[in-house]
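Below: the structure, in structure tokens.
Basis for what follows: all heavy atoms, side chains included, without hydrogens, waters or symmetry-related copies. Whatever order the structure lists them in is the order used to number ligands and atoms, beginning at 1.
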Amino acid sequence: MPYLDHEQKLRLFEDGYVRVPNAVPADLVRRALRAINHSLSKGLDSAQLTKLQAQGFCSELDSAPVILDLFERSGAREIVESATGPLQPAKGALIALRWPEPLDGPISTRPLWPHIDGTFSPTNGIPEGSPLLNYTANIGILLSDLPDTNAGNFTVWPGSHRVLNRQFHERGVEALLDNSKFPSIPGFGQPRQITGTAGDLVIAHYLLGHDYAINLSPHIRYKIFFFTVSTAQTDGNRLGGVADMWRDWAGMQGICASQRG
Ligand SMILES: O=C(O)CCC(=O)C(=O)O
Ligand SMILES: [Fe+2]
């Protein structure tokens with residue numbers, strides 16, 4: 001299944017994301033997990049935990065071949081490019097681990113709250129006042145099985161990409177830089193926690209509101225994110241990919257035309 005079929009592209013257009021089961025071969029998943037778990041064996045700096053949660057763990061691996069191969073040498077790039085058209089080489093990845101909550105004692109009260117990437121938060125390393133650092137497609141590769149919800153799942157607000165595109169036209173880029181009102185925007189909808197198995201690929205539009213769920217499971221959730229950029233995007237034209245949200249998705253043009261009637 002090297003390419004997205006019509007039905008999958010329709011899902012991506014409507015919901016803002018699509019899950020492609022079993023896209024990445026098990027041997028690549030196992031190599032990446034081994035490297036990550038070995039890295040973890042060296043210990044974590046507890047003073048850095050908040051930052052690591054936001055900016056990724058095992059930073060010495062995030063542009064190593066064992067991680068980049070998950071996108072570049074797995075078939076994932078070809079699947080994604082069937083929707084986006086040519087993408088720039090992946091520069092690095094976010095190694096996103098979501099840890100189980102304590103068995104006894106207080107668990108996280110952090111609410112599920114949608115955001116888009118490339119906008120300021122106190123912990124993600126993007127400075128306040130930064131312009132929108134938009135990209136084309138958010139690509140998630142799951143390295144561990146995730147049969148249940150509330151297990152650190154990637155969580156999306158289906159259809160919110162269209163709501164945020166409208167907000168951009170009505171209120172400008174400011175509406176995207178501040179996520180505090182996202183859930184109260186009419187039509188934003190309800191969150192959906194994505195379950196799946198190791199090797200699954202999730203392709204999400206940049207404008208799709210997302211978060212991660214609490215982890216009440218016994219397992220660490222292992223997921224790798226690639227923030228991919230179309231070769232059509234330049235520093236000078238990047239906001240055009242938000243205004244015309246499928247501009248940089250060459251493989252979606254047929255779907256866009258048929259949906260616009
Ligand atoms: O870990 C996840 O599932 C989502 C992480 C995320 O959205 C982010 O780091 O920006
Ligand atoms: Fe994010």
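The N/O atoms of N153, backbone and side chain alike, include none that comes under 3.5 Å of an N/O atom in ligand 1. Looking at ligand 1, you won't find any N or O of K223 less than 3.5 Å from one of its N or O atoms. Residue contacts with ligand 1: D117 is placed with a nitrogen or oxygen under 3.5 Å of a nitrogen or oxygen of the ligand (distance criterion only). Between D211 and ligand 1, no pair of N/O atoms sits closer than 3.5 Å.
Side-chain N or O atoms of Q193 include one that pairs as donor or acceptor with a backbone N or O of N150 at under 3.5 Å. Checked by atom type and distance alone, the side chain of Q48 never pairs as donor or acceptor with a backbone atom of L44 at under 3.5 Å.
Among all protein heavy atoms, the one lying closest to atom 3 (O) of ligand 1 is R221 NH1, 2.6 Å. Closest to atom 8 (C) of ligand 1, if we only count protein heavy atoms, is H115 NE2, 3.9 Å. In terms of protein heavy atoms, atom 9 (O) of ligand 1 is closest to L94 CD2, 3.4 Å.
Salt-bridge check for R162 with D15: failed, with every basic side-chain N at 4.0 Å or more from each acidic carboxylate O.
Counting only non-hydrogen atoms, the option in R98, H210, Q53 that gets closest to atom 5 (C) of ligand 1 is R98.
Tracing side-chain contacts under 4.5 Å through hydrophobic residues (I, L, V, M, F, W, Y), one reaches Y206 starting from I203; they form part of the same cluster.
A cation-pi contact, defined as under 6.0 Å to the ring centre and within 45° of the axis, links R110 to Y212.
Around the Fe ion (ligand 2), the protein N, O or S atoms found under 2.8 Å comprise H115 NE2, D117 OD1, H210 NE2.
Surrounding CD of E60 are more than 12 heavy atoms belonging to other residues, nucleotides or ligands, all under 6.0 Å away. For NE2 of H115, the number of neighbouring non-hydrogen atoms (other residues, nucleotides, ligands) closer than 6.0 Å is greater than 12.
A donor-acceptor pair shorter than 3.5 Å can be found between the side chains of N134 and R238. Under 3.5 Å, the side chains of T155 and N153 contain no donor-acceptor pair of N or O atoms.
For ligand 1, the atoms lying closer than 4.0 Å to a non-hydrogen atom of F225 are 1 (O), 2 (C), 3 (O), 4 (C). Residue contact check: A96 has heavy atoms under 4.0 Å from atoms 1 (O) of ligand 1.
Ring geometry for F13 against W246 counts as parallel: the plane angle stays under 30°, on a 0 to 90° scale with 60° as the upper cut.
Residues F154 and H210 bring their aromatic ring centres within 6.0 Å.
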